[in-house]
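See below for the structure under consideration.
A note on names: the letters A, B, ... follow the listed sequences, proteins ahead of strands, and every chain is numbered from 1.
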Protein chains: 2
Amino acid sequence: MDSGNSGGARPPRTRRKMQRVTMSDVAKAAAVSPSTVSLFLRKPSAVSERIASRVQRSIDELGYVPNYVAGGLAAAGSKVVSVIVPSLRNAFFSETVAELERLLARGGLQTLVGHTEYSLDQEEALVRAALSWAPAAVVLTGCRHNAATRKLLLRSNTPVVEMWELGGQVIDQAVGFSHEQVGRHIARRFIDQGYESAAFIGARLDEDFRAAQRSEGFLAEMQEAGITARLVENSAPASTSNGVRLFEEVCMNPVRAIACSNDTLALGVLFEAQRRDLSIPTELALAGFGDLDFAAQMVPPLTTVRPAADKIARKVAECILRPQAETDRQNSPFPTEHDTGFTLVPRASG
Amino acid sequence: MDSGNSGGARPPRTRRKMQRVTMSDVAKAAAVSPSTVSLFLRKPSAVSERIASRVQRSIDELGYVPNYVAGGLAAAGSKVVSVIVPSLRNAFFSETVAELERLLARGGLQTLVGHTEYSLDQEEALVRAALSWAPAAVVLTGCRHNAATRKLLLRSNTPVVEMWELGGQVIDQAVGFSHEQVGRHIARRFIDQGYESAAFIGARLDEDFRAAQRSEGFLAEMQEAGITARLVENSAPASTSNGVRLFEEVCMNPVRAIACSNDTLALGVLFEAQRRDLSIPTELALAGFGDLDFAAQMVPPLTTVRPAADKIARKVAECILRPQAETDRQNSPFPTEHDTGFTLVPRASG
DNA sequence: TTGTACGCGTTATCAA
DNA sequence: TTGATAACGCGTACAA
């Protein structure tokens with residue numbers, strides 16, 4: 001957006017855009033050629049010590065900062081990884097993004113984040129934008145995407161990692177676990193403890209496919225055991241206050257055990273139960289998902305499921321940093337799944 | 001644990017390096033010149049309808065995705081904004097990042113995130129990396145940076161916005177509020193309620209300067225009122241479990257009122273108090289900072305301070321999207337501060 | 001070990 | 001309205 005410097009006779013001010021210090025500036029200052037500087041930057045050992053120190057000094061003096069944009073263009077492939085998650089407000093994802101950012105940075109890669117607010121169309125837009133950076137890889141959340149997104153990704157030939165979910169139609173690589181199994185495990189625990197009525201509390205199940213799968217697993221396992229279990233949900237975000245709200249709804253028709261689509265909701269249930277003088281687990285068993293930091297501190301501590309969040313991040317980073325040998329990819333162009341598993345953490349709440 | 005996929009019918013990547021579809025490919029297909037395509041992309045109205053539709057069709061058919069890297073090079077200034085926060089695990093910052101990402105995306109800008117883990121040196125590294133993208137702006141958290149960071153930024157002539165804090169030596173623009181005032185407000189409340197002993201519970205105060213300022217404000221106001229108040233801190237991250245730990249320490253020498261450096265810690269205090277059968281607020285008054293979602297749901301609800309998080313994000317985005325009149329940032333190099341204020345939210349806990 | 005020359009995919013300028 | 005052409009800053013053969 002260059003406001004046209006209408007060519008009046010007036011001498012424009014000194015420098016409207018202080019020229020960026022470029023590699024050749026450094027080269028000039030160090031009395032070497034640009035490519036020597038470039039070489040020094042990428043492989044310092046390949047340059048004689050004398051020149052190296054001269055170049056380094058010029059870099060410092062001029063305050064040179066390499067231009068990745070130009071570098072990326074020349075090298076045909078930028079140093080960005082685009083990470084797309086449903087929401088950064090969700091602790092799982094902010095945690096994963098943080099860890100990924102850290103790990104990828106070590107490999108010299110920068111992280112571009114996007115969040116879809118659980119919209120597949122928004123995801124498509126973000127993928128499109130991401131691909132515009134010729135990214136080293138694209139990391140997506142889950143295996144559900146719209147057709148356009150999938151096509152875009154496939155055509156681009158960019159490495160793609162789908163995380164936090166397994167079981168769908170994988171594009172390239174997937175790292176995660178089965179949420180249906182999570183639901184079943186929790187149900188199984190309730191069943192083994194002999195509860196005869198239960199509910200699954202879920203937020204945003206229409207958009208949060210993984211939470212939906214947990215609910216389905218839970219309900220299915222319950223049904224197979226012949227136990228009455230119902231689903232109570234709404235489309236508000238998963239939050240403590242929403243947990244309160246959903247629990248109030250459950251209370252209109254009480255049950256003995258409640259599984260929440262995540263710990264944050266469970267926290268709300270706990271508070272509301274306290275307010276109603278409902279004793280946990282005596283009168284009501286409670287389970288969550290996530291094992292967020294507060295879960296173990298709750299009174300009583302919350303039974304929940306711990307996903308291997310850090311393992312997911314590490315595995316994703318690994319997929320990106322150490323791509324499979326090219327030959328492997330050619331020979332086995334089939335998508336790969338990495339199961340990171342999860343752990344049921346039994347505590348006093350149910 | 002790699003389980004091969006049950007082989008969907010999907011064209012595997014046979015070719016390793018499928019050539020990227022470029023603008024001239026589109027141009028060729030549409031039988032126009034590349035510059036026309038470029039023009040069409042940036043200003044569709046400047047192209048005749050006939051050509052426009054032809055170009056659009058070729059774009060769709062070829063699945064063309066523009067290359068921002070090349071674009072950024074040519075235009076000398078990329079469409080990225082680098083946002084650097086201390087931690088994404090902290091709800092304030094993940095929230096702010098999320099909101100910023102959303103707002104900036106509307107302006108066609110992409111968000112590059114970095115997190116420093118509260119290290120100024122790490123921040124410097126991130127700023128250096130950020131500048132490598134010739135970003136449209138850099139967003140930093142707080143006003144405390146090391147000399148190198150400051151110099152880097154100043155030299156680069158890049159718009160800089162420092163958020164979530166006011167009062168330091170501003171580089172360019174600052175959006176936030178005074179944390180010392182926050183501390184004082186909370187203290188004032190305790191004082192007015194007549195408590196005669198108090199403690200400030202703080203996590204990571206050596207690195208989290210804003211939390212430290214809150215503690216200082218709190219202690220200063222208390223002292224000025226002639227009330228005994230002590231500081232209990234450690235260098236672990238602010239979490240519920242750390243809140244429990246710090247509170248246990250306080251309990252070795254009980255006080256009547258506790259201010260926490262944030263709500264997450266306060267949650268831990270609440271749980272531990274429940275465990276010890278300490279009644280809030282009767283036996284112990286409690287206050288937090290942040291007004292996170294669960295604060296209002298706690299039993300009893302938490303007295304806290306609500307920062308105008310969304311206002312901060314909006315203001316930051318505005319600074320970036322609507323930069324000050326070009327008319328010489330150079331001539332009026334005076335940094336600007338925007339005070340977004342905060343609100344003390346009195347609830348039953350203290 | 002160092003330098004030269006060219007190209008990466010786009011934007012911007014200006015001429016047609 | 002459209003199209004040549006010259007940057008943009010750097011990587012990378014290849015040559016010296």
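For A:Glu162 and A:His145, the side-chain atoms include at least one donor-acceptor pair closer than 3.5 Å. B:His115 and B:Gln122 share no donor-acceptor pair across their side chains, judged by distance under 3.5 Å alone. For the 3.5 Å distance criterion, the side chains of B:Ser33 and B:Thr36 qualify, holding a donor opposite an acceptor. Between the side chains of A:Trp133 and A:Ser82, no donor-acceptor pair of N or O atoms lies under 3.5 Å. With 3.5 Å as the limit, one finds a donor-acceptor pair spanning the side chains of A:Ser38 and A:Arg42. A donor atom on one side chain and an acceptor atom on the other are found under 3.5 Å apart for B:Thr149 and B:Asn146.
Near-neighbour residues of DNA chain C inside residues 53-73 of chain A, defined by a heavy atom below 4.0 Å, number-ordered: A:Leu73. Residues from residues 32-42 of chain B lying near DNA chain D, meaning a heavy-atom separation below 4.0 Å, are B:Val32, B:Ser33, B:Ser35, B:Thr36, B:Leu39 in numerical order.
Here D:dG3 presents its C1' atom at 10 Å from CD1 of B:Ile51, a figure rounded to the nearest Å. We find that NZ of B:Lys43 is positioned 15 Å from P of C:dT11, with the value rounded to whole Å. C:dG9 atom C1' lies 16 Å from atom CG of A:Leu131, rounded to whole Å.
No donor-acceptor pair under 3.5 Å is formed between the side chain of B:Asn90 and the backbone N or O of B:Ser87. Side-chain atoms of B:Arg155 never come within 3.5 Å of backbone atoms of A:Val21 as a donor-acceptor pair (strictly under, hydrogens ignored).
An OP1 or OP2 oxygen of D:dC10 is reached within less than 4.0 angstrom by a side-chain nitrogen or oxygen of A:Thr22.
Taking both residues in full, the closest heavy atoms of B:Ala136 and B:Val81 are given as CB-CG2, 4.3 Å, listed atom of the first, atom of the second, then distance. Considering all non-hydrogen atoms of both residues, A:Tyr64 and A:Met23 come closest at CE1-N, 3.6 Å.
At a threshold of 4.0 angstrom between heavy atoms, the contacts of A:Met23 are confined to the sugar-phosphate backbone, with no base atom among them.
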Short heteroatom pairs, N/O only, protein and nucleotides 14-16 of chain D, under 3.5 Å:
none

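Between B:Ala74 and B:Ala31, it is B:Ala31 whose nearest contact on DNA chain D lies nearer the 5' terminus.
When each of B:Ile84, B:Leu140, B:Val85 is checked for a side-chain contact (heavy atoms from CB on, under 4.5 Å) with B:Met163, only B:Val85 meets the rule.
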